[in-house]
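Right, one structure below, let's go through it.
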Amino acid sequence: MLDINLVRENPEVVREALRKRQMDPSPVDAVLEVDTRRRAALSEVEALKAQRNATSTEISKMKDAAARQEKIDAMRELGERISRLDQAYKQMEAEQLAIVQIIPNIPHADVPLGMDDHDNPVIQVYGKPREFAFTPKPHWDLGPDLGIIDFEQGIKLTGSRFYVLSGAGARLQRALIAWMLDLHIRQGYTEKYTPFMVKSDVLLASGQLPKFKDNLYHDVEEDYWMVPTAEVPLTGIHMGDFIEEAALPFNYTAYTPCFRREKMSAGRDVRGIKRGHQFDKVEMYKYCRPEDSMAELQKMVQDAGQTCADLGLHYRMIQQCTGDLGFNGMIAYDLEVWAPGCGEWLEVSSISNVGDFQARRANIKYRPADGGKPRFVHTLNGSGLGLPRTLIAVLETYQQSDGSIQIPDVLKPWMGGIDRITK
RNA sequence: GGAGGGGUGGCCGAGCGGCCUAAGGCGCUUGUCUUGAAAACAAGUGUGGGGCAACCCACCGUGGGUUCGAAUCCCACCUCCUCCGCCA
């Protein structure tokens, strides 16, 4: 959420940010209009409250019963007026919040201009694609042939876009999760195991609500929401907290399943396990001082990249342009791994510096060591990495001419002594 | 699920209709003293908002209510602790 003072004092900056994102800038004017009305109402009701407070003190000191009663009668009417105005004020406040909450973050000056994901520049390409002496197969053929991915069983259990991993396939995914978590721990992150269902406050704090309600699963009975990413609970952990400056930065990593209704992507990527309603992910998350967040972003990009590199995958880093930048993000990079079987770059990580955007929503502050005013922390999040897609790249990259899959060296300790998946 | 007891500033903790403008302590900042540090002493120090400012308003788990006036009384909910019941 943006600072209302920023919108009020520099409305053109916010309008320009929306235009760069290929969005309509008119919410800015709507906010300014409500804000003006809201503050006028606030001044009015506060003046009345000041009067009430002063008179109440007077009443408490009055000895003469008749005069006292007269004052009390006069105040009764004032009380009713305050109550009506207060209600009107709350309405305006809610109206303003509703608009401010759907305005996205302001892109950092370093974010390249662009219309959509086609304009995302490729920053760097790492490694080379593996050379095959045969035609590499896509994972939707490899998996069922080896009996490690079963699409029919997933459909039987839940429906389309669900699948069952079996035997060495399930184990390989678990190996990836365990190995990634251990890698991030070595990189200095603290592992967290969090609830996979959260209250709506937490989704408001992390920026998923109210805007992305349609992409979330919600248990109406208990008002629990299934997390769409570990970013949500990792933001919520410190909701409302005051942090001492010396304690920063916090570096967290967590494995969670992620649940997404994917209404907006219905009909896309229907083949294979690339896009499902349930997938696994290992996430990295940082809380830091504002002046450190750009450097921390670079570190996180490296930490995520390390994951791809150690797995021996061919991958590239692209930067999200203004038209593709996520709602919360100020600046973001994506990592994509090459899947030689299906012949496409798969997004396995998106690493964002969201600045104080989530911290303001979540009210997460730190007290500067010099004793100055509390400030909002900056938060960053990045996948390290998204699972089914990493699994796809591993299966397709390490496939052999006989249809078997070699196990990448780093994962062998978790695979019970096997170095290859065969029929 | 049932019964009882709690949730107060960065932290601990008192207050249970109007001098609460929330005691006291810890922590923090500054000063005195000291070669320096510690200790001691003194002063300051909650958060958010409105106003050019003086100043004003709100906030004592959350939301309602009673009252001229609520941290304080009433109702609902959340949450923690103790006990009972039920269950992996």
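So you know, we letter chains A, B, ... as the sequences are listed, proteins then strands, and number each from 1.
Closest-nucleotide positions on RNA chain B for E244(A) and Q87(A) were compared, and the one nearer the 5' end corresponds to E244(A).
Shortest non-hydrogen contact noted between L85(A) and L48(A) is CD1-CD1, 3.4 Å.
The base of G49(B) sits with one of its N or O atoms less than 3.5 Å from a complementary donor or acceptor on the side chain of E46(A). Between the side chain of R68(A) and the base of G18(B) there is at least one donor-acceptor pair of N/O atoms closer than 3.5 Å.
Distances were taken from every side-chain heavy atom of K49(A) (C-beta onward) to each of G48(B), G18(B), C57(B); the shortest belongs to C57(B).
A54(B) and A42(B) have their P atoms separated by 30 Å, with the value rounded to a whole Å.
Side-chain nitrogen and oxygen atoms of R367(A) include none within less than 4.0 Å of the OP1 or OP2 phosphate oxygen of G46(B). Taking only side-chain nitrogens and oxygens, R76(A) never comes nearer than 4.0 Å to OP1 or OP2 of U67(B). Dashed line: the shortest gap from a side-chain N or O of N363(A) to OP1 or OP2 of U47(B) is not under 4.0 Å.
Of the nucleotides present, U82(B) is the one that pairs with A3(B) by Watson-Crick or G-U wobble criteria, both distances under 3.5 Å. Base pairing analysis places C19(B) opposite nothing; no Watson-Crick or G-U wobble pair with both distances below 3.5 Å involves it. The partner of G27(B) is U45(B), judged by Watson-Crick or G-U wobble contacts that both fall below 3.5 Å. Across all strands shown, C87(B) remains unpaired; no Watson-Crick or G-U wobble contact has both distances below 3.5 Å.
Within a 6.0 Å radius of CZ in F196(A), other residues, nucleotides and ligands contribute more than 12 heavy atoms. For M239(A), the CE atom counts as densely surrounded, since its 6.0 Å shell holds more than 12 non-hydrogen atoms of other residues, nucleotides or ligands.
Nucleic acid contact class of K90(A) (heavy atoms, under 4.0 Å, all strands): sugar-phosphate only. Residue contacts for R8(A): at a heavy-atom cut-off of 4.0 Å it reaches the sugar-phosphate backbone alone, with no base atom in range. Across all strands, L42(A) comes closer than 4.0 Å only to sugar-phosphate atoms, never to a base (heavy-atom distances). Residue D73(A) is classed as having no contact, given no heavy-atom separation below 4.0 Å to the nucleic acid.
In this structure the side chain of F212(A) reaches within 4.5 angstrom of the side chain of F327(A), judged on heavy atoms.
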